[in-house]
There are 2 protein chains.
Amino acid sequence: MLIAEVSDKFDLSQDTLRYYERIGLIPRVNRNKSGIRDYTEEDCRWVEFVKCMRGVGLPIEVLIEYVELFQQGDETLEVRKQLLVEQHKQLLSRMEEMKTVMERLQYKISAYEQTIGEKEKTLNRTSP
Amino acid sequence: MLIAEVSDKFDLSQDTLRYYERIGLIPRVNRNKSGIRDYTEEDCRWVEFVKCMRGVGLPIEVLIEYVELFQQGDETLEVRKQLLVEQHKQLLSRMEEMKTVMERLQYKISAYEQTIGEKEKTLNRTSP
DNA sequence: CTACTCCTTTGAGTTAACTCCAAGTCAAGC
DNA sequence: GCTTGACTTGGAGTTAACTCAAAGGAGTAG
């Protein structure tokens, strides 16, 4: 698969794809005889994985570390698992924070509705 | 309240507090006769509000707009409410995304546990 | 062969959100 | 009166995460 197709498929610019590879956010992609990137299925899965994880804010350094560990083989299974567990935990606590903020927003919204409702009542009383 | 206290209270650097004010993320804080910021209770509530909302990723521009609308008075009640409703919606969809990512992580973690478990069995079989 | 398009690399530029710095002011302590 | 320290301002510097640009190679169309 060429970079243009991967770019379309995952809605990431070619520059971003090259950048991700450069900094080790995905493993190095093979080139064909003329030096052009040829993404395998597995490369695509990495791209998709990274896009997904970045999308919810997992730090780049963590993902880079994950790729590095992955490339070191089976000895790092446990460490990789721990890394995922830690990120899962982080996501959970961020979600909890978001939940309380959403409740706060909802409270404020209700207060606005209340206020607006009262304004309208006043208006109806004063304008015949 | 002096900037140093506000800085401590909300764990934001003085630079950040000044920056927030400069870009309109909080309304302008009054200065005393010698030009030094003197935060009122309301200023503090703004700081806390902004810190909270930024913490879950509400965009700065949106918050700036909210402050502007607020300062325009009661005519903007409805618009402000809509703005909050929209942000509430955004948070909800981000939370849904995070939830599916967390499920995915959990799935991966289980797969790791499985694999590691099998490795150990093999080890136990081969080492007396 | 020439032109064109798509890719390559290296390195520089951009944007957001701070963060730091220099020069200056003011009030308090000695 | 001088020093100290916390503050002021405007503006420059930093970092992360892209994003763009310049220079060049490979393969295809005319």
Side-chain angles (χ1 to χ4, degrees), chain A residues 1-40 43-44 46-68 87 90 94 97 101, chain B residues 1-40 43-44 46-68 87 90 94 97 101:
Chain A
M1 215 174 186
L2 293 187
I3 195 169
E5 304 172 78
V6 179
S7 169
D8 283 1
K9 183 162 180 180
F10 298 110
D11 195 32
L12 291 170
S13 78
Q14 300 190 13
D15 269 316
T16 301
L17 287 170
R18 282 189 280 258
Y19 167 71
Y20 280 0
E21 183 178 343
R22 191 160 34 164
I23 65 171
L25 203 46
I26 57 170
R28 181 178 163 82
V29 175
N30 268 13
R31 320 291 146 115
N32 65 20
K33 339 75 211 145
S34 36
I36 287 174
R37 284 176 180 78
D38 187 12
Y39 289 76
T40 63
D43 292 329
C44 288
W46 274 107
V47 170
E48 193 274 332
F49 174 71
V50 163
K51 170 160 188 174
C52 175
M53 295 302 147
R54 288 291 302 134
V56 295
L58 290 232
I60 279 199
E61 320 89 72
V62 171
L63 294 172
I64 290 176
E65 195 188 343
Y66 185 73
V67 172
E68 278 168 4
Q87 295 309 308
Q90 298 284 334
R94 283 187 39 216
E97 190 185 349
V101 173
Chain B
M1 213 173 187
L2 294 186
I3 195 169
E5 304 172 79
V6 180
S7 169
D8 283 0
K9 184 163 178 180
F10 297 111
D11 195 31
L12 289 170
S13 79
Q14 301 190 13
D15 269 316
T16 301
L17 286 169
R18 283 189 279 257
Y19 167 70
Y20 280 179
E21 183 178 344
R22 189 159 36 165
I23 65 172
L25 202 46
I26 58 172
R28 182 176 163 84
V29 174
N30 268 14
R31 320 290 147 117
N32 64 19
K33 340 77 211 147
S34 37
I36 287 176
R37 285 176 180 78
D38 187 14
Y39 289 76
T40 64
D43 291 329
C44 287
W46 273 108
V47 171
E48 194 274 330
F49 174 71
V50 163
K51 170 160 187 173
C52 176
M53 295 302 149
R54 288 291 300 134
V56 297
L58 290 232
I60 279 198
E61 319 89 73
V62 171
L63 294 171
I64 290 176
E65 195 189 343
Y66 185 72
V67 172
E68 279 168 3
Q87 294 310 309
Q90 298 285 334
R94 283 187 37 218
E97 190 185 349
V101 172

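Scope of the values below: all heavy atoms of this structure, side chains included, with no hydrogens, waters or symmetry mates. Lettering of chains follows the sequences in order, A, B, ..., and the numbering in each one begins at 1.
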Task: Residues which pass side-chain hydrogen bond (donor to acceptor under 3.5 Å, both in side chains) with A/R31, listed by chain and number, not counting sequence neighbours - done: A/E21

- [ ] Find which nucleotide of DNA chain D each of B/A4 and A/E61 is nearest to by heavy atoms, and output the residue with the more 5' nucleotide.
- [x] B/A4

Task: Residue pair A/V47 / A/L17, side-chain heavy-atom distance below 4.5 Å - done: yes

Open item on the list: Using a 4.0 Å heavy-atom cut-off, does A/I23 contact any base of the nucleic acid, only the sugar-phosphate backbone, or nothing at all?
Closed with: nothing

Task: Atom of A/M1, atom of A/C44 and distance for their closest heavy-atom approach - done: SD-SG, 3.6 Å

Task: Contact check, side chains of B/N30 and B/D38, non-hydrogen atoms, under 4.5 Å - done: no

- [ ] May I have the distance from A/R28 (atom CZ) to C/dT8 (atom C1'), rounded to whole angstrom?
- [x] 11 Å

Open item on the list: With a 4.0 Å limit, can you tell me whether A/R31 has a side-chain N or O closer than that to the phosphate oxygens OP1/OP2 of C/dT9?
Closed with: yes

Open item on the list: Please check: side-chain N/O of A/K51 versus main-chain N/O of A/F10, any donor-acceptor pairing under 3.5 Å?
Closed with: yes

Task: Most 5' of B/R18 and A/I60 on DNA chain D, judged by nearest nucleotide - done: B/R18

TODO: Find the distance between CZ (A/R54) and OH (A/Y20) and round it off to the nearest 0.5 Å.
DONE: 5.5 Å

- [ ] List the atom of A/L2, the atom of A/Y39, and the distance in Å for their closest heavy-atom pair.
- [x] C-CD1, 4.3 Å

Task: Between C/dC7 (P) and A/N30 (CG): distance, integer Å - done: 17 Å

Task: B/L25 or A/L2, whichever maps to the more 5' nucleotide of DNA chain C - done: A/L2

Task: Euclidean distance, atom CG of residue A/N32 to atom C1' of C/dT8 [Å, nearest integer] - done: 11 Å

- [ ] Return the value, rounded to whole Å, for the distance between atom OH of A/Y19 and atom P of C/dA12.
- [x] 16 Å

Task: Reading 5' to 3' through nucleotides 20-27 of chain C, protein heavy-atom contacts under 4.0 Å coded B for base, S for sugar-phosphate only, - for none - done: B-----SS

- [ ] Take the protein atom CD of A/E21 and the nucleotide atom P of C/dT8, then report the distance between them rounded to whole Å.
- [x] 9 Å

Open item on the list: Rounded to whole Å, how long is the line connecting atom CE of A/M1 with atom P of C/dC7?
Closed with: 12 Å

Open item on the list: For A/E48 and A/C52: C-alpha separation, side-chain torsions, deciding distance, then whether side chain to side chain contact (heavy atoms under 4.5 Å, CB included) applies.
Closed with: CA-CA 6 Å; A/E48 193 274 332; A/C52 175; 4.2 Å; yes

- [ ] Extract, from 5' to 3' on DNA chain D, the first and final nucleotides lying under 4.0 angstrom from some heavy atom of chain A.
- [x] D/dA17 to D/dG27

TODO: Answer with base, sugar-phosphate or nothing: what part of the nucleic acid does A/R37 contact at a heavy-atom distance below 4.0 Å?
DONE: sugar-phosphate

Task: Where A/R28 and A/D43 come nearest, the two heavy atoms and their spacing - done: O-OD1, 4.5 Å

